[in-house]
Every structure is written in structure tokens, then in C-alpha cells.
Amino acid sequence: MTGALRKQETFVRLEQEISRSFRNNEPLALIMFDIDHFKYVNDRYGHLVGDLVLKNLVSHCQSILRDIDLLGRVGGEEFLVILPNTNEAMAIEIAERLRVYVSQQTLAVVQNVPIKITISNGITIFNPNNEIDLIHSILADKYYKQADLAMYEAKTAGRNRSEEH
């Protein structure tokens, strides 16, 4: 519906990128983001407008990500960005660029009222030098959970921000 990868495909691709990270000895960054107060959009404007916001959010995010980056929808309003060949400094820069860019966009208009949102980002870095090349699905789950934890830290710290774990 949104143009983002579905959750299952996102995890398949994450495992592939972990494999590639080991082969190339390059870091891999994950950014988990969630729309702040998205329930308010759905409750106030309805689910059709909420769906439009999600579609436009994905489109805007994809417009500033690299061709090699992957964007998957992993929950109702939760998304995972997979950034191959990306170190910590680059990941923080990309997360902040996404956060600021999204906050500046109008994602829908209802009765001449522009709908804008903010996102909270959680960042984690997979470094193949710090892991044993074992079962990639286990590593994918581990780093997904780290990004998710960092995202919740961003939400707890006030939303519309990026945190790293």
C-alpha cells in the first residue's frame, strides 16, 4: 500500500545485507522510525487520510535515500531503513536529514488544513568485525531490536529526535 517493503521482505533483505556486510567487511546501519502521535491523525482525519500520510511519507523518504538503501514498513506506522556501507557518522547524518525533511513536508491537506508530522529515529550500527558470521536471521533480529530500543529512547526523550543504541 505504501510503496515500502513489507515486513517479511524487509527482514529477508536485512539478512542479505548482513551477509554482504560480512563479505565486504563494511558496516551496515539501521534506522527505525515511528511517526509521532500518528493515532491523532487517524482519530481526527480518519484512516483514509492516515493511509495517504503513510504513502506520502514513504515517497518523501525514498526521495532522499540512496538507491542502495532499503525502506520497509515493519508496523502500522513504524519503518526500518537499511543503509548498506554506512558508518555511525553517516547514519546519524541520514537520520537527522530524514527527521528534518519529514517535519517540513505537508503529507496531506484536509479542508485546507495541512497535515504535517514528525518522526522519532532509533539508530544502530552492524559492524561485521564485532560479530561472528553465524545465523544471519538471529543477527537481523538482534540489530532490529537495538534500533527499536533506540527509537523508543527517542520517543521517551521527547519525540522528533534521533537516538543511537
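In this text, all values refer to a predicted model and were calculated from it rather than measured experimentally.
- Smallest separation of non-hydrogen atoms from L57 and I117: CD1-CD1, 4.1 Å.
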Next item on the list: For side-chain contact (heavy atoms from CB on, under 4.5 Å), just list the numbers for I125 and E164, CA-CA rounded to whole Å, side-chain angles, deciding distance to a tenth of an Å, and then say yes or no.
Entry: CA-CA 9 Å; I125 308 299; E164 184 186 3; 3.9 Å; yes
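- For the pair G76 and L54, the tightest heavy-atom approach, listed with the atom from each and the gap, is O-CD1, 3.9 Å.
- Atom CD1 of I82 sits about 8.5 Å away from atom CZ of F11, to the nearest 0.5 Å.
- Heavy-atom neighbours of I68 CD1 from other residues, nucleotides or ligands within 6.0 Å: above the threshold of 12.
- Using modelled atom types and a 3.5 Å distance limit, the side chains of E96 and S162 yield a donor-acceptor pair.
- By the rule that hydrophobic residues join a cluster once side-chain heavy atoms approach within less than 4.5 Å of another member, M1 and L48 end up as members of separate clusters.
- For Q104, the CD atom counts as densely surrounded, since its 6.0 Å shell holds more than 12 non-hydrogen atoms of other residues, nucleotides or ligands.
- Between the side chain of S59 and the main chain of N56, no donor-acceptor pair closer than 3.5 Å is present.
- Between K155 and E163 there is no salt bridge, since none of the side-chain N atoms of the basic residue sits less than 4.0 Å from a carboxylate O of the acidic one.
- The shortest distance between side-chain heavy atoms of V81 and L70 does not fall below 4.5 Å.
- Within the 4.5 Å cutoff, the side chain of L30 has heavy atoms near those of the L14 side chain.
- Cluster annotation: I18 and I123 are assigned to distinct hydrophobic clusters (Ile/Leu/Val/Met/Phe/Trp/Tyr, side-chain heavy-atom contacts under 4.5 Å, transitive).
- Residues R97 and Y101 bring no donor and acceptor atom of their side chains to less than 3.5 Å of each other.
- The pair R6-E9 does not count as a salt bridge, with every side-chain nitrogen at least 4.0 angstrom from each carboxylate oxygen.
- If you check the side chains of S120 and D36, you find a donor sitting under 3.5 Å from an acceptor.
- With hydrogens and angles left out, the side-chain atoms of R161 and N121 include no donor and acceptor closer than 3.5 Å.
- No more than 12 heavy-atom neighbours from other residues, nucleotides or ligands sit within 6.0 angstrom of CD1 on I135.
- Salt-bridge formation is not detected for the pair K55/D51: no Lys NZ or Arg NE/NH1/NH2 atom is positioned less than 4.0 Å from an Asp or Glu carboxylate oxygen.
- In terms of heavy atoms, I31 sits closest to A91 at CD1-O, 3.9 Å.
- Between V74 and L80, the closest heavy-atom pair is CG1-CB, 4.0 Å.
- From K142, atom NZ reaches atom OG of S137 across 13.5 Å, with rounding to the nearest 0.5 Å.
- To the nearest 0.5 Å, the span separating NE2 on H136 from CD on Q16 amounts to 11.5 Å.
- Although no hydrogens or angles enter the test, the distance criterion places a donor-acceptor pair under 3.5 Å between the side chain of T124 and the main chain of H165.
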Note to self: Between R66 and D69, is the salt bridge (Lys or Arg N to Asp or Glu O under 4.0 Å) condition met? List the steps.
What the structure shows: CA-CA 5 Å; R66 302 171 299 183; D69 300 332; 2.7 Å; yes
Note to self: Run E131 and Y143 through side chain to side chain donor-acceptor pair (under 3.5 Å) and show every step you take.
What the structure shows: CA-CA 11 Å; E131 294 290 348; Y143 284 87; 2.5 Å; yes
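- For the pair N87 (side chain) and A89 (backbone), a donor-acceptor distance under 3.5 Å is present.
- V53 and Y45 fall within a single hydrophobic cluster, where Ile, Leu, Val, Met, Phe, Trp and Tyr are joined by side-chain heavy atoms under 4.5 Å apart, directly or via other members.
- In this structure, the side chains of M32 and Y144 come closer than 4.5 Å at one or more pairs of heavy atoms.
- Residues L5 and Q8 have side chains not in contact (no heavy-atom distance under 4.5 Å, counting atoms from C-beta outward).
- L98 places a side-chain heavy atom less than 4.5 Å from the side chain of L65.
- Contact record, I115 with V110: CD1-CG2, 3.7 Å, taken as the closest heavy-atom pair.
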Next item on the list: Give the C-alpha distance, both sets of side-chain angles, the deciding distance and a yes or no for side-chain contact (heavy atoms from CB on, under 4.5 Å) between R99 and N160.
Entry: CA-CA 7 Å; R99 186 187 64 76; N160 191 24; 3.1 Å; yes
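- Checked against the 6.0 Å centroid criterion, the rings of F22 and F126 qualify as a close aromatic pair.
- Side-chain contact check for T10 versus F79: every heavy-atom pair is 4.5 Å or farther apart.
- A donor-acceptor contact shorter than 3.5 Å links the side chain of T2 to the backbone of A4.
- Residues V41 and I119 are members of one and the same hydrophobic cluster, defined by side-chain heavy-atom contacts under 4.5 angstrom among Ile, Leu, Val, Met, Phe, Trp and Tyr.
- Residues L134 and L139 form no side-chain contact, since every pair of their non-hydrogen atoms from C-beta on lies 4.5 Å or further apart.
- Under the 4.0 Å criterion applied to side-chain N and carboxylate O atoms, E17 and R13 are not assigned as salt-bridge partners.
- A distance of 9.0 Å separates OG1 of T118 from CD1 of I35, quoted to the nearest 0.5 Å.
- Here the OG atom belonging to S19 is positioned 11.0 Å from the CG atom belonging to L28, to the nearest 0.5 angstrom.
- Side-chain contact check for D148 versus M151: some heavy-atom pair is nearer than 4.5 Å.
- Separation of atoms CG (L149) and NZ (K145) is listed at 11.5 Å; rounding is to 0.5 Å.
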Next item on the list: Just do the side-chain contact (heavy atoms from CB on, under 4.5 Å) check on L52 and L107 with the steps written out, would you?
Entry: CA-CA 7 Å; L52 179 61; L107 297 177; over 6 Å; no
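- In terms of modelled atom types and a separation under 3.5 Å, the side chain of K7 and the main chain of R73 share no donor-acceptor contact.
- Across all non-hydrogen atoms, the minimal contact from Q62 to L71 is CG-CD2, 3.9 Å.
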